[in-house]
S.K.: 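Dumping the structure here so I can ask a few things about it.
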Amino acid sequence: MQSKNHLVIRIASVLVASMAMINVGAAAMPEQGVGQRPSLVVGIVVEGLDEEYVKLLRDHFGDGGFNRLIKEGVTIENIDYGPGLDATAAAAVVMTGASPSVNGVPASTVYDVVTRTEHPVLNSSTSTTSLAKGYTPALLLVSTLADEVRITEDGLNQVHSIAADPQMAIVLGGHAASSAFWIDDVTGKWTTSSYFRETPTVISKHNFSRPLSLRIDTMAWTPSMELSRYPDLPEHKKLYPFRYTFPKRDPLAYKAFSASAAGNREVTDVAVDYIKELSLGSRNVTDMVNIGLTVAPYKYGNQADNRIETMDAYLRLDSDIARIMKAVESTAGMDKAVVFIAGTPAPASRKRDDEKWRIPTGRFSPRMATSLLNMYLIAIHGNGEYVSGFHNGYFYLNHNLIKERGLDAASIRKQSADFLLRMSGVSRVYTIDDIIARDAGDNPVALRRNTYFPQAGDLLVSVNPGWIITDSPEDEVLAPDVTAVSFASTISPAWILAPGIASTTIGEVTDARSIAPTISRILRIRSPNATSLPPLRIE
């Protein structure tokens with residue numbers, strides 16, 4: 001009996017010693033990725049990104065950009081933004097997880113019925129001389145993904161945004177960003193608004209050591225490979241390579257540069273320097289850098305068919321993404337980083353086809369339509385200025401006059417819609433009452449969701465495809481021709497690359513509002529405060 005007890009004691013002693021050794025070994029081993037929040041988040045929003053082009057050009061891409069995302073990450077083939085959103089509004093949906101009716105950003109520009117002028121949606125300045133200083137995220141009504149990343153670390157981390165366009169930079173930075181910078185379209189300098197107080201040394205170096213103003217005259221955008229290698233090109237497009245330069249004497253030089261693949265390279269250069277020189281992702285906090293790029297059809301060219309330019313922009317974008325990924329590997333390491341890329345809709349505009357093809361076209365003049373509508377309402381209700389203006393497809397009525405005359409606004413809208421519908425080039429007209437009642441457009445629920453009613457007009461007009469909206473032929477020289485306001489749902493792809501998330505493809509249509517909560521779930525932080533949809537189930 002005594003020997004049996006002795007054996008039990010010995011076995012117990014061995015087990016205790018073994019457990020102690022296991023604990024000591026565990027303490028000596030480095031912590032694994034399980035349970036750790038990523039130390040760096042990189043968000044890339046690309047205007048005009050189309051998955052069909054990505055598929056078409058995959059064989060020409062390198063291994064470090066799109067092909068890596070497709071091979072190792074989650075591919076979301078169809079991100080649905082609903083109708084009528086431009087890049088600024090779509091980026092706001094991505095970053096807030098909320099629709100324009102909630103986040104307050106329905107388009108890049110809005111109309112002021114008091115001054116009867118349009119202005120950038122995220123700019124509070126009343127002075128045209130200090131427009132850049134007036135950009136502010138305070139006009140973005142809800143929190144963003146970038147805000148939540150900053151808040152979760154109590155501000156001990158760094159959150160930055162870089163884009164060629166000021167409003168894209170503001171949306172990507174959010175309210176709590178350390179910095180948000182963009183390319184000034186007059187001076188070419190990297191600039192910010194008075195809202196943000198930090199100027200990283202990276203920006204100072206680019207502005208003073210290698211300013212764009214001293215280089216832009218020598219820069220050009222040309223094809224990155226032989227024309228014969230671009231897929232699906234008709235023979236005549238293989239004869240003459242494109243070449244775009246950006247002479248500083250041209251008042252549109254910096255705008256044209258920012259819209260080109262060369263502009264993407266400049267933005268990427270700064271983003272890579274941010275990651276490396278600020279050592280983002282190298283500390284025990286979660287840093288974030290968000291980057292705005294574009295592959296939208298190049299509107300400063302002189303050809304309606306710009307397929308070569310678009311394909312070349314994708315090839316160069318692939319290289320830019322690979323450079324960003326390489327920078328992440330050199331600081332945080334991809335095993336501690338989350339990279340997401342979201343495409344936003346391309347503008348519903350393009351150069352008009354040559355007249356020799358006899359495609360039906362016409363010119364819709366908002367100024368003339370406003371005048372004719374006002375004369376029509378005068379004939380019915382007496383003298384007065386009943387129409388305040390036109391902007392982004394909307395006619396705005398003079399509500400002060402309507403109220404003074406004791407008229408019913410809904411009835412005036414209905415009369416106006418019936419009149420406008422008889423104008424040449426007008427295919428559809430919806431009153432704001434129709435939109436509120438979800439009785440407008442091919443996707444009425446989404447149209448209502450994408451309408452921010454405090455800034456919406458009274459009548460939404462759709463002009464025939466192929467027509468341009470302009471008041472004079474001279475305007476066509478100064479700005480690209482635009483087609484009708486689009487009510488078709490806009491679809492773009494997205495990719496998410498994160499530790500522990502298996503490669504997969506989501507083929508079904510996915511609401512764009514799901515992106516922010518999905519990234520939040522991966523980061524194990526709270527979602528932006530207006531998020532209305534659950535995260536995607538990806539493991």
Side-chain angles (χ1 to χ4, degrees), residues 38 40-77 79 87 90-91 94-95 160-165 168-169 172 221 224-225 258-276 280-281 287-296 298 309-344 346 492-499 501 503 505 515 519 522:
L40 179 59
V41 186
V42 178
I44 305 173
V45 174
V46 185
E47 180 185 8
L49 190 61
D50 186 333
E51 202 207 7
E52 292 304 313
Y53 270 108
V54 175
K55 290 179 177 178
L56 178 66
L57 295 165
R58 275 200 70 179
D59 291 342
H60 298 278
F61 291 151
D63 295 328
F66 283 113
N67 280 326
R68 181 172 185 177
L69 291 165
I70 294 168
K71 182 180 178 181
E72 301 178 15
V74 176
T75 300
I76 308 170
E77 293 184 331
I79 293 290
V94 169
M95 297 303 292
H160 303 279
S161 69
I162 309 105
D165 177 75
M168 182 65 75
L172 296 181
W221 178 23
S224 57
M225 63 183 186
S258 295
S260 72
N264 282 346
R265 183 180 61 210
E266 189 76 11
V267 172
T268 302
D269 287 346
V270 174
V272 167
D273 284 349
Y274 259 83
I275 294 170
K276 290 182 175 179
L280 299 183
D287 294 323
M288 186 177 204
V289 59
N290 294 319
I291 307 159
L293 302 171
T294 181
V295 286
Y298 190 58
E309 291 92 327
T310 300
M311 284 191 278
D312 193 73
Y314 275 81
L315 294 173
R316 294 180 182 275
L317 174 64
D318 179 68
S319 177
D320 290 332
I321 292 171
R323 287 200 293 138
I324 293 168
M325 303 269 261
K326 188 175 180 180
V328 172
E329 287 179 332
S330 70
T331 54
M334 291 301 297
D335 60 329
K336 296 181 181 178
V338 173
V339 177
F340 70 92
I341 297 180
T344 66
S492 299
W495 288 270
I496 301 172
L497 185 61
I501 303 297
S503 174
T505 297
I515 297 175
I519 302 301
I522 292 171

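All values reported here derive from a predicted model rather than from experimental measurement.
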S.K.: Taking side chain as C-beta onward, heavy atoms only, is L40 less than 4.5 Å from K336?
M.R.: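 L40 vs K336: side chains apart.
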S.K.: Are the side chains of I275 and V328 in contact, using a 4.5 Å heavy-atom criterion?
M.R.: yes
S.K.: Could you tell me if the side chain of N264 sits less than 4.5 Å from the side chain of R316, heavy atoms only?
M.R.: no
S.K.: How would you list, by chain and number, every residue that makes a ring-ring contact (aromatic ring centres under 6.0 Å, His included) with F340, sequence neighbours excluded?
M.R.: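 In terms of ring-ring contact (aromatic ring centres under 6.0 Å, His included), with neighbours along the sequence ignored, F340 is linked to no residue.
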S.K.: Please list, chain by chain and in numerical order, all residues satisfying side chain to side chain donor-acceptor pair (under 3.5 Å) with D318, sequence neighbours excluded.
M.R.: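 Per chain and number, D318 pairs via side chain to side chain donor-acceptor pair (under 3.5 Å) with no residue.
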S.K.: So, using ring-ring contact (aromatic ring centres under 6.0 Å, His included) as the criterion, who are the partners of W495 when residues are at least two apart?
M.R.: F66
S.K.: If we ignore hydrogens and angles and just use 3.5 Å, is the side chain of S503 paired with the main-chain N or O of K71 as donor and acceptor?
M.R.: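 Checked: pair present.
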S.K.: Could you work out, with salt bridge (charged side-chain N to carboxylate O under 4.0 Å, His left out) as the rule, every residue matching D273, not counting sequence neighbours?
M.R.: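 In terms of salt bridge (charged side-chain N to carboxylate O under 4.0 Å, His left out), with neighbours along the sequence ignored, D273 is linked to K205.
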S.K.: Output all residues satisfying side chain to side chain donor-acceptor pair (under 3.5 Å) with S224, sequence neighbours left out; order by chain, then residue number.
M.R.: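 With neighbours one apart ignored, the set is D312.
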S.K.: What is the distance from atom CG of L69 to atom CE of M325, rounded to the nearest 0.5 Å?
M.R.: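 Going from CG on L69 over to CE on M325, the span is 4.5 Å.
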S.K.: Mind checking what makes side chain to side chain donor-acceptor pair (under 3.5 Å) contact with Y314, not counting sequence neighbours?
M.R.: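 For Y314, no residue satisfies side chain to side chain donor-acceptor pair (under 3.5 Å) once neighbours in sequence are set aside.
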S.K.: Scan residues 320-331 for pairs that pass side chain to side chain donor-acceptor pair (under 3.5 Å), counting only residues two or more places apart or in two chains.
M.R.: R68-E329, D269-R323, D320-R323
S.K.: Apply side-chain contact (heavy atoms from CB on, under 4.5 Å) to K55 and list each qualifying residue two or more places apart in sequence or on a separate chain.
M.R.: E51, E52, E77
S.K.: Is any side-chain heavy atom of D165 closer than 4.5 Å to a side-chain heavy atom of S258?
M.R.: no
S.K.: Quick one: are V289 and I324 in side-chain contact, heavy atoms under 4.5 Å?
M.R.: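 Heavy-atom side-chain distance check fails, nothing below 4.5 Å.
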S.K.: Mind checking what makes side chain to side chain donor-acceptor pair (under 3.5 Å) contact with N290, not counting sequence neighbours?
M.R.: none
S.K.: Please give me the minimum heavy-atom distance between S260 and Y298, naming the atom from each residue.
M.R.: CB-CE1, 3.7 Å
S.K.: Does some side-chain heavy atom of V295 sit less than 4.5 Å from a side-chain heavy atom of Y53?
M.R.: no
S.K.: For the CD1 atom of I496 and the CD1 atom of I76, what is their distance to the nearest 0.5 Å?
M.R.: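 Reported to 0.5 Å precision, the distance equals 4.0 Å.
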S.K.: Is the closest side-chain heavy-atom distance between L49 and L317 below 4.5 Å?
M.R.: yes
S.K.: For residues V54 and I70, determine if any side-chain heavy atom of one lies less than 4.5 Å from a side-chain heavy atom of the other.
M.R.: yes
S.K.: Tell me, please, which residues at least two apart from N67 pass side-chain contact (heavy atoms from CB on, under 4.5 Å).
M.R.: R58, F61
S.K.: If I compare all heavy atoms of A164 with all of V267, which pair ends up nearest, and what's the gap?
M.R.: N-CG2, 3.8 Å
S.K.: Minimum heavy-atom separation for A322 to G65, with atom names?
M.R.: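 Minimum heavy-atom contact is CB-N, 3.9 Å.
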S.K.: With rounding to the nearest 0.5 Å, note down the distance linking CD1 in I44 to OG1 in T268.
M.R.: 7.5 Å
S.K.: Can you give me the closest heavy-atom contact between D335 and P499, atom names plus distance?
M.R.: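 Smallest interatomic distance, heavy atoms only, reads O-CG, 3.1 Å.
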S.K.: Identify, with sequence neighbours excluded, every residue that meets side-chain contact (heavy atoms from CB on, under 4.5 Å) alongside A296.
M.R.: E47, T294, P347
